[in-house]
Amino acid sequence: MQTFVQKLKLLIADSTLRTRLLFTLGALVVFRFLSTIPIPGVDTTALTRLFANNQFLGLLDVFSGGGLSSISIVMLGVGPYITASIIMQLLTMIFPTLKEMYSESGETGRRQFIQYSRLLTIPLALLQGFGFILLLQKQQVLPNLSPFGFLVNVITIAAGAVLLMWIGELITEFGIGNGLSLIIFAGIVARLPTVTAQLVATYDPSQIPLYLAFLALSLVIIAAVVFITEAERPVPVTYAKRVRGNKVYGGVSTYIPLRLNQAGVIPIIFALSLLLFPQLIFTFLATLPQAWVQTVASTGLALLANQWIYGAGYFALVVIFTYFYTAVTFDPNSIAENLQKNGAFIPGVRPGESTVKYIGTIVTRITLVGAVFLGFIAILPLIVQSVTGIQSLAIGGTALLIVVNVVTDLVKKLDAQLSVREY
């Protein structure tokens, strides 16, 4: 097996891979530069206070690649495009034409499907930009803008979201790895110096045993996330023997790998979107002059600010949406049909409806494990901070899941590229 140093030498020596790697790094540098350009008139003091008191915006900042916390021109990140892609996948359940385009029309159909997602990104970016600018004005992070200034800011941040979508697709096509995931990954990594500085500033020598325990827990959690991310449940498959002339074909045994966590971090995005909606509604209602409306809004915001209520709701939504997204994207009927068409069967299970039920039962059981683990990792930072009382100590959460997924995917693609060039 090649060592890391040998693979690194092969990567540097190969001109094509080196060009792809440099293109990826250059695109990420451009993204980080754009994320430092703020929109005009931001009150940094009010912005810091807003993010300190709002966990929802802090989580959304992860998906914006860190652009939201600085109210930059790319503050929406790749969120609108991800939302558009999710909506398009959900619409395949409603419109058979879209499902046929996505799954049965080959590369041409997939390209057209992706183009629809791009077009849907534009109105979603404008709508999200309008909502965020309105929220920032209500929280006095931005001054009261004129109608023209308001429109310019909305168009600017919507254009920033479309620009990031384009940069992400360029990375996917001409670089290495998934461009959108790498953009989010770069934003998370860029926040590490700030988190480290906060930890150093709150350092207490009497808490050394706690820090060591946190370090050990971090290694265990990271190992568990990698294990669950890569875990598969193999379903044995046997191909029937076929005789053609004097030759016998088939009789081969293989397996279908069913991933333990097929949904990835998509359920967390769903859960955040649903949790953010009442937060925005209550924040807007709190600015209205009616006293009873302000009372209702204050009660709602207080409930959402309660970590136990927020954590329980977050966990439940992640589990529910994991099942929901797996049901949308995984179709046991198509697997059973493909097995039957190719003369394959699962030993001890009849082809057809019995195979569908068998695969569906397995997916339901393994999804329960993946969903509970995903929900636990999502709320783990809240648990650690509640136990330790130190806000800078947080392990797990959305950021860790994204980092693990991106790194493992990038390593696999690099290994595949190196293997192709070696052979």
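Every value quoted in this text rests on a predicted model; they were computed, and no experiment measured them. Along the sequence shown, the residues carry numbers beginning at 1.
- For the residue pair G311 and I379, the shortest heavy atom distance occurs at O-CG2, 3.5 Å.
- Within the structure, the side-chain hydrogen bond (donor to acceptor under 3.5 Å, both in side chains) test picks out no pair touching residues 364-379 (sequence neighbours left out).
- Looking only at distances, no side-chain donor or acceptor of S181 sits under 3.5 Å from a matching main-chain atom of V406.
- Residue pairs meeting the side-chain hydrogen bond (donor to acceptor under 3.5 Å, both in side chains) criterion with at least one partner in residues 121-134, sequence neighbours excluded, do not occur; the list is empty.
- In this structure, the separation between CG on L119 and CD1 on I114 is 12.0 Å, given to the nearest 0.5 Å.
- Applying the salt bridge (charged side-chain N to carboxylate O under 4.0 Å, His left out) test to residues at least two apart or on different chains, none of the pairs has a partner in residues 366-377.
- The closest side-chain heavy-atom distance from F23 to I176 is not below 4.5 Å.
- One finds the CD atom of Q340 at 12.0 Å from the CZ atom of R350 (value rounded to the nearest 0.5 Å).
- A search for side-chain hydrogen bond (donor to acceptor under 3.5 Å, both in side chains) contacts involving R118 returns Q115, E169, not counting sequence neighbours.
- Partners of Y255 under the ring-ring contact (aromatic ring centres under 6.0 Å, His included) rule, at least two apart in sequence or in another chain, do not exist in this structure.
- Residues satisfying the side-chain hydrogen bond (donor to acceptor under 3.5 Å, both in side chains) test with Y325, not counting sequence neighbours, are Q89.
- Using a 4.5 Å heavy-atom threshold, the side chains of P332 and V356 count as touching.
- Side chains of P38 and S72 form no contact here, defined as non-hydrogen atoms less than 4.5 Å apart.
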Which side-chain N or O atoms in residues 221-231 pair as donor and acceptor under 3.5 Å with protein atoms at least two apart or in another chain?
| from | atom 1 | to | atom 2 | distance (Å) |
| --- | --- | --- | --- | --- |
| T229 | OG1 | V225 | O | 2.6 |
| E230 | OE1 | K412 | NZ | 2.8 |
| E230 | OE2 | K412 | NZ | 3.4 |

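- T322 OG1 to L374 CG: the interatomic distance, rounded to the nearest 0.5 Å, is 4.5 Å.
- In this structure, the separation between CG on N178 and CD1 on I183 is 9.0 Å, given to the nearest 0.5 Å.
- Under the 4.5 Å side-chain criterion, counting only non-hydrogen atoms from C-beta, I184 is in contact with I82.
- Take T355 and apply the side-chain hydrogen bond (donor to acceptor under 3.5 Å, both in side chains) test, not counting sequence neighbours, and it matches no residue.
- Remark: F345 pairs with no residue by the ring-ring contact (aromatic ring centres under 6.0 Å, His included) rule, at least two apart or across chains.
- With sequence neighbours left out, F33 forms a ring-ring contact (aromatic ring centres under 6.0 Å, His included) with no residue at all.
- Listed by chain and number, the residues in a side-chain hydrogen bond (donor to acceptor under 3.5 Å, both in side chains) with E353 amount to none (sequence neighbours excluded).
- Using a 4.5 Å heavy-atom cutoff, the side chains of F330 and I335 are in contact.
- A salt bridge (charged side-chain N to carboxylate O under 4.0 Å, His left out) check over residues 368-381, counting only residues at least two apart or in different chains, returns nothing.
- Side-chain contact between M88 and L120 is present, with at least one heavy-atom pair separated by less than 4.5 Å.
- Side-chain contact between Y323 and L368: present, with at least one pair of heavy atoms (C-beta onward) separated by less than 4.5 Å.
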